[in-house]
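Here the structure comes first, spelled out in structure tokens, and everything after it is commentary.
Quick note: numbers below take in every heavy atom, side chains included, and nothing from hydrogens, waters or symmetry partners. By convention in this document, chain letters (A, B, ...) are assigned in the order of the sequence lines, proteins followed by strands, and residues within each chain are numbered from 1. No experiment lies behind these values; they were computed from the predicted model shown.
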Protein chains: 2
Amino acid sequence: MATMQDVANLAGVSLSTVSYTLTGKRPVSAATRARIEAAMAELGFRRHAAARALAARRTHVLALAYPTYGVALGATLNDIVRGAVEAARESGYELVLWPVDSTEPEVLRELAGQRTADGVLLMEVALDDPRIEAVESVGVPCAMIGRTQDPGDRVWVDIDFEDALTQAVEHLWGLGHRSIAFLNRSQAQLDTHYGPAVRARDAYVAAMTEHGLDPLTVACDVTPPAGRRVGTELLASHRDLTALIVMNELALFGVASALREADLQVPRDFSVLAVAIAEDISQMYDRPLSFLAAPGPDQGRLAVRGLLDLIEGRTTTGGTNLRCALHPQSTTGPVPVP
Amino acid sequence: MATMQDVANLAGVSLSTVSYTLTGKRPVSAATRARIEAAMAELGFRRHAAARALAARRTHVLALAYPTYGVALGATLNDIVRGAVEAARESGYELVLWPVDSTEPEVLRELAGQRTADGVLLMEVALDDPRIEAVESVGVPCAMIGRTQDPGDRVWVDIDFEDALTQAVEHLWGLGHRSIAFLNRSQAQLDTHYGPAVRARDAYVAAMTEHGLDPLTVACDVTPPAGRRVGTELLASHRDLTALIVMNELALFGVASALREADLQVPRDFSVLAVAIAEDISQMYDRPLSFLAAPGPDQGRLAVRGLLDLIEGRTTTGGTNLRCALHPQSTTGPVPVP
DNA sequence: GCGCTTCGACGAAGCGCTTCGACAGAGTAT
DNA sequence: ATACTCTGTCGAAGCGCTTCGTCGAAGCGC
């Protein structure tokens with residue numbers, strides 16, 4: 001493994017000059033730079049990350065705590081990851097994933113404490129997330145995707161569920177639907193006041209009320225069989241229903257089965273609109289799904305930018321809510337004529 | 001941030017003694033060790049990873065190249081990750097995930113070249129995978145989950161598809177089924193001779209032939225809609241079929257729809273057996289799915305062990321094929337009486 | 001031609017740890 | 001008592017970089 005000293009020798013310059021061509025922190029003449037670059041290419045030189053990190057007191061690595069349990073569909077998380085990776089690279093940082101679940105903050109404390117990353121991104125943040133304290137306790141900056149009950153002046157990026165559900169109700173209202181139900185996340189999430197579930201429900205109720213409609217919310221476990229069960233019950237007990245808003249990735253697939261079994265053709269007899277799902281997931285559905293796209297890549301990107309502001313001592317943006325874009329496709333249509 | 005020197009001062013010993021209590025590479029008396037540990041606790045000392053890596057020429061980090069595109073279901077990959085994390089920790093290593101797709105070996109070369117990890121694990125290895133050369137070109141050991149056309153004496157851990165399909169056919173044969181089809185991965189994968197698809201198909205054909213049965217294989221894109229389409233066609237064109245072996249995670253869900261639409265009750269009228277899927281995925285099915293469990297955690301574990309053998313200069317195991325365990329549940333049953 | 005600034009390059013001092021050689025003192029064998 | 005081996009500890013030399021202070025050589029106005 002060639003070192004910077006080898007490069008310097010071959011190029012006939014001093015070690016520090018090589019360093020400066022690499023970091024750009026001091027000017028280097030074009031001629032010298034060319035010689036150095038030639039030498040680096042010839043030797044196949046690569047900076048030794050540990051040495052760099054030690055000397056510069058910066059690893060140029062950002063870590064994203066990546067849950068490995070209970071992640072049935074990778075697409076949603078991966079959208080975020082891709083946005084984050086991109087933003088990090090643009091700023092000369094690498095993003096790595098730490099496979100750590102929310103239940104093991106100690107692992108996070110250990111990892112962060114060794115200073116293997118300059119900052120940590122937390123995804124799927126719970127209302128009272130012990131990981132934040134763990135990371136901050138060892139003096140490492142962190143940013144969250146989602147947000148805690150009281151984020152203070154921390155950096156966070158969340159989805160604008162209020163806007164998303166307003167858009168959803170309005171889209172269906174515009175198509176003539178007057179009986180629109182909302183299939184939410186699990187009761188357990190509601191019971192613990194999990195932000196997305198609560199905020200989406202409240203926004204849905206508000207939007208319905210505003211249009212003079214009766215809201216109808218059902219909680220549903222995050223699995224296809226649960227979606228099928230809940231969907232079937234819902235269709236049986238509310239025969240006047242013509243549209244369903246679903247904010248539950250996995251239940252969505254069960255809902256499709258329930259509709260088929262109830263002999264309802266989509267969108268002729270019934271409309272389905274998914275909220276806050278990744279585009280990849282919409283493509284797994286029977287037919288082109290009408291959906292409000294979760295801003296996954298942007299969430300990742302913005303969270304990284306905010307984290308870098310924190311790391312590099314710039315003033316931070318605080319929190320941001322990101323809108324979901326409506327993609328009306330083939331599962332929403334005009335209300336059926338009776 | 002307390003350094004080892006701070007700990008040494010507080011404990012009244014030399015820096016090197018602190019190091020030796022941490023690494024255990026030289027004996028330290030119980031009394032001294034106790035003083036040092038007390039000092040470390042008091043100062044909240046944590047080893048600086050970069051300094052350690054630089055001095056020891058070892059990062060104690062293993063990287064797993066983690067694809068973020070085309071991963072609809074995270075469960076399968078995550079099983080592997082969990083096994084790998086566990087095995088790494090047992091040996092005093094941390095596992096991190098590098099979000100790098102198979103299509104960008106250069107990123108991998110860059111990352112590995114900076115020596116931020118002592119070894120790299122590759123998952124979803126293709127027959128001719130450019131990532132292997134990329135990692136090895138910078139002198140970093142690597143191990144694969146799956147395997148290339150010609151793995152040479154590299155370390156790999158794969159699924160024993162021959163055994164899995166033999167088990168599958170035998171399970172159904174035992175239940176009296178004589179008309180058993182096999183729903184494979186995509187035609188594209190078969191065309192490129194992708195190992196799992198080819199080996200599974202060949203093993204299925206062999207097992208069927210051995211029992212004097214006619215094999216019937218269909219390729220299917222890895223999406224639920226494709227599974228529904230192919231499933232529907234298959235059921236329509238082969239009315240005598242009583243069982244289907246599926247080795248296609250996502251198509252599986254489409255197959256469920258196809259069966260329901262064809263008014264076939266499972267397992268009364270028809271049996272479905274999934275091959276090489278993660279247990280989490282089996283739980284997403286309508287009813288308790290009969291399946292051959294992919295040995296994900298064991299794949300991760302063994303791959304890590306093999307990689308560590310390589311890194312620490314022990315003799316390596318070469319390749320290993322892991323068996324899938326049969327979990328007969330509620331989607332396979334006796335052949336229906338005509 | 002003088003002193004002035006500016007540019008580009010150099011040398012050396014660390015960053016926080018591991019590890020090697022050395023060595024004092026206790027234990028054992030002679 | 002002598003010579004020897006262990007144990008447990010210390011000091012110092014790096015690991016491969018970044019970065020600070022420094023300084024020669026141009027380039028400039030007058």
Trace of the side-chain contact (heavy atoms from CB on, under 4.5 Å) decision for A:V96 with A:L64:
CA-CA 6 Å; A:V96 307; A:L64 172 62; over 6 Å; no

Restricting both atoms to N or O, compile the protein contacts to nucleotides 15-18 of chain D shorter than 3.5 Å, with distance only.
{"unit_1": "D:dC15", "atom_1": "O4'", "unit_2": "B:R57", "atom_2": "NH2", "d": "3.3"}
{"unit_1": "D:dC15", "atom_1": "O2", "unit_2": "B:A55", "atom_2": "N", "d": "3.3"}
{"unit_1": "D:dG16", "atom_1": "N2", "unit_2": "A:A51", "atom_2": "O", "d": "3.4"}
{"unit_1": "D:dC17", "atom_1": "OP1", "unit_2": "A:H48", "atom_2": "N", "d": "3.4"}
{"unit_1": "D:dC17", "atom_1": "OP2", "unit_2": "A:M4", "atom_2": "N", "d": "2.8"}
{"unit_1": "D:dT18", "atom_1": "OP1", "unit_2": "A:R47", "atom_2": "NE", "d": "3.0"}
{"unit_1": "D:dT18", "atom_1": "OP2", "unit_2": "A:S19", "atom_2": "OG", "d": "2.7"}

So do B:L127 and B:T192 actually touch side chain to side chain, heavy atoms under 4.5 Å?
no

Side chains of residues 136-144 of chain B: which donor-acceptor partners sit under 3.5 Å, not counting sequence neighbours?
{"unit_1": "B:E136", "atom_1": "OE1", "unit_2": "B:R154", "atom_2": "NE", "d": "3.3"}
{"unit_1": "B:E136", "atom_1": "OE1", "unit_2": "B:R154", "atom_2": "NH2", "d": "3.0"}
{"unit_1": "B:E136", "atom_1": "OE2", "unit_2": "B:R154", "atom_2": "NE", "d": "2.7"}
{"unit_1": "B:S137", "atom_1": "OG", "unit_2": "B:R109", "atom_2": "NH1", "d": "2.8"}
{"unit_1": "B:S137", "atom_1": "OG", "unit_2": "B:E133", "atom_2": "O", "d": "3.4"}
{"unit_1": "B:S137", "atom_1": "OG", "unit_2": "B:A134", "atom_2": "O", "d": "2.8"}

Can you list every stem that DNA chain D is part of, counting only runs of 3 or more consecutive Watson-Crick or G-U wobble pairs with both distances under 3.5 Å?
C:1-30 with D:1-30

Please walk me through it: do B:Y93 and B:I311 pass side-chain contact (heavy atoms from CB on, under 4.5 Å)?
CA-CA 12 Å; B:Y93 282 71; B:I311 291 170; 4.0 Å; yes

Residue pair A:N78 / A:Y66: nearest heavy atoms and the distance that separates them:
OD1-OH, 2.9 Å

At less than 3.5 Å, do the side-chain atoms of B:R26 and the base atoms of C:dT19 form a donor-acceptor pair?
no

Of A:D101, A:L122, A:V100, the residue whose pairing with A:P67 passes side chain to side chain contact (heavy atoms under 4.5 Å, CB included):
A:D101

Any Lys/Arg nitrogen of A:R323 or A:D160 sitting under 4.0 Å from an Asp/Glu carboxylate oxygen of the other?
no

Would you call B:E110-A:R46 a salt bridge at under 4.0 Å N-O?
yes

